[in-house]
There are 2 protein chains.
Amino acid sequence: MASPTTHPGVGRPVVTSRAEIERVAFHLFIENGFVSTTLDDIASAAGIGRRTLLRYYRSKNDIPWGQFDDTLDGFRESLRSYADRPVQEAVHRAVIDFNRFPAAAMAEHRVRMRLILTTPELQAHSVLRYADWRRVIAEYVAERTGTDPEALLPQTASQVALALSMTGYGEWLADEHADLPAVLERALLTMRSYLAD
Amino acid sequence: MASPTTHPGVGRPVVTSRAEIERVAFHLFIENGFVSTTLDDIASAAGIGRRTLLRYYRSKNDIPWGQFDDTLDGFRESLRSYADRPVQEAVHRAVIDFNRFPAAAMAEHRVRMRLILTTPELQAHSVLRYADWRRVIAEYVAERTGTDPEALLPQTASQVALALSMTGYGEWLADEHADLPAVLERALLTMRSYLAD
DNA sequence: TTCCATTTTGACCCTCAGTGCCATTATTGT
DNA sequence: ACAATAATGGCACTGAGGGTCAAAATGGAA
């Protein structure tokens, strides 16, 4: 495989990195659009073979997501750290923490999320990426409520978290100066008042 | 184009119908799985050319959705019929009505939705199909609250409706004897209690 | 220094989805 | 019979993705 080297140092060294590929790919995506950019374009711009590119990323759609799965462990830990809070609050806080980024990384995050949430192909694909993220939430809620992750409450919790993230990001992307945690908070309040009608 | 004939009767008549294509396609999907069934398989089984098949459906992923867009007008009307109810209740009732099917059609609907919601490719694609459905809700809520469909409340309403549908269908598919309207009602109650924690 | 085990690379070939183009075909109306 | 019309389907092309495998580049052992 690409990243997780079993025997470090042994064997032919890698010729590139995910970071480098993403740098090149985002440049092309922004320049020519996601759909118009072919895997060949990215591979040759990165100076690697197309086949190698597809070993670093399972599909073209996965490139904009970068190292998303690697953040899920931290998300799990974050959830556990709120064990003393009510379940809904714990999930909400963890989701907000999940969306905290250093100021220096915000501009890049905006570009990435705008690309993902405005490109139909990537919008569709996002369900599959968010499925893992939702599973983390469902498993946490199931554990805390002594139920199955597939049960109604854990599934509801994970779907609510996704819905809040979607509306939150919509607002965030529409306002260049918006603060992500603040926007997610507003989204929750809005959802509460909508359902309490 | 395929279905909407501008000058009825004039020109070469159609050789098939969406209903016929779907009948054949579902048979193959169930027999061999969605991914393993190629467009060529479907086209030849339906006795039409692959090119013709792709005129009836924009993509392979759209085939399982059948005439979904055609139901959106009825959905819009259904929403309007609840103008005397509070917004959230109106949306909820319309969503439940949207998911009412004659008993004879239930078995087919189960097969269709199980295929869509358990096939990763179709799960992903569903976002794009549900986007139109969500837009109907957002526009309705925007109209009733005097806001823009892109504003936070309309978007929240539409995302909540989607989340409820997703959890509802999950429960419904897991229980062969479940009633869709009843399950959607339970999903709403669960979401309310989760958020009121 | 040389060989060897190990690991990544990328070339080649294949399948399948989807699009553009366009001649062919089967209708209705004149 | 002859337009006008509209669906059909064949052909060629692009692009995503997967399988296979020989070549390349390392570290370590002899």
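Both backbone and side-chain heavy atoms feed into the values below; hydrogens, waters and symmetry mates do not. Letters go in sequence order (proteins before strands), and every chain restarts at 1. Computed from a predicted structure; not experimentally measured.
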Geometric cation-pi criterion, A/Arg110 with A/Trp172: 6.0 Å, 45°
yes
Under 4.0 Å between a side-chain nitrogen and a carboxylate oxygen: does that hold for A/Glu108 and A/Arg112?
yes
Looking across every strand, which nucleic acid part, if any, lies under 4.0 Å from B/Thr37 by heavy atom: base, sugar-phosphate, or nothing?
sugar-phosphate
In whole angstroms, how far is the P atom of D/dG17 from the CG atom of A/Leu128?
12 Å
Using heavy atoms to find the nearest nucleotide of DNA chain D for A/Thr38 and A/Arg51 separately, return the residue whose nucleotide is more 5′.
A/Thr38
Spacing between B/Leu54 atom CG and C/dG20 atom C1', to the nearest angstrom:
13 Å
Among C/dG10, D/dG17, D/dG9, which nucleotide has an atom closest to any side-chain atom of A/Val15?
C/dG10
With respect to the side chain of B/Pro13, which nucleotide from D/dG9, C/dA26, C/dT9 is positioned closest?
C/dA26
Go through A/Glu139 and A/Arg135 one step at a time and tell me if the salt bridge (charged side-chain N to carboxylate O under 4.0 Å, His left out) criterion holds.
CA-CA 6 Å; A/Glu139 281 170 2; A/Arg135 188 166 303 114; 5.0 Å; no
Is the phosphate of C/dT9 approached by A/Tyr56 (side-chain N or O, under 4.0 Å from OP1 or OP2)?
yes
If you pin A/Arg50 and A/Leu53 to their nearest nucleotides in DNA chain C, which one's is more 5'?
A/Leu53
The criterion is side chain to side chain contact (heavy atoms under 4.5 Å, CB included); which residues satisfy it with A/Leu173, sequence neighbours excluded?
A/Arg114, A/Leu117
In this structure, how many angstroms lie between the P atom of C/dG10 and the OH atom of A/Tyr57, rounded?
15 Å
For C/dA17, does either OP1 or OP2 sit under 4.0 Å from a side-chain N or O belonging to B/Ser59?
no
Calculate the interatomic distance between A/Arg58 atom CZ and D/dG17 atom P; express it in whole Å.
11 Å
How close or far is atom P of C/dC12 from atom CG of A/Leu39, stated in whole angstroms?
18 Å
Send over the distance from A/Asp40 CG to D/dT14 P, rounded to a whole Å.
12 Å
Mark yes or no for a side-chain to base donor-acceptor pair under 3.5 Å between A/Arg12 and D/dG27, with no hydrogen or angle criteria applied.
no
Starting from P on D/dA24, measure out to CD1 on A/Ile48 and report it in whole angstrom.
19 Å
Distance, rounded to the nearest Å, where A/Arg55 contributes CZ and C/dT7 contributes C1':
11 Å
Can you find a heavy atom in the side chain of A/Tyr56 that is under 4.5 Å from one in the side chain of A/Val14?
yes
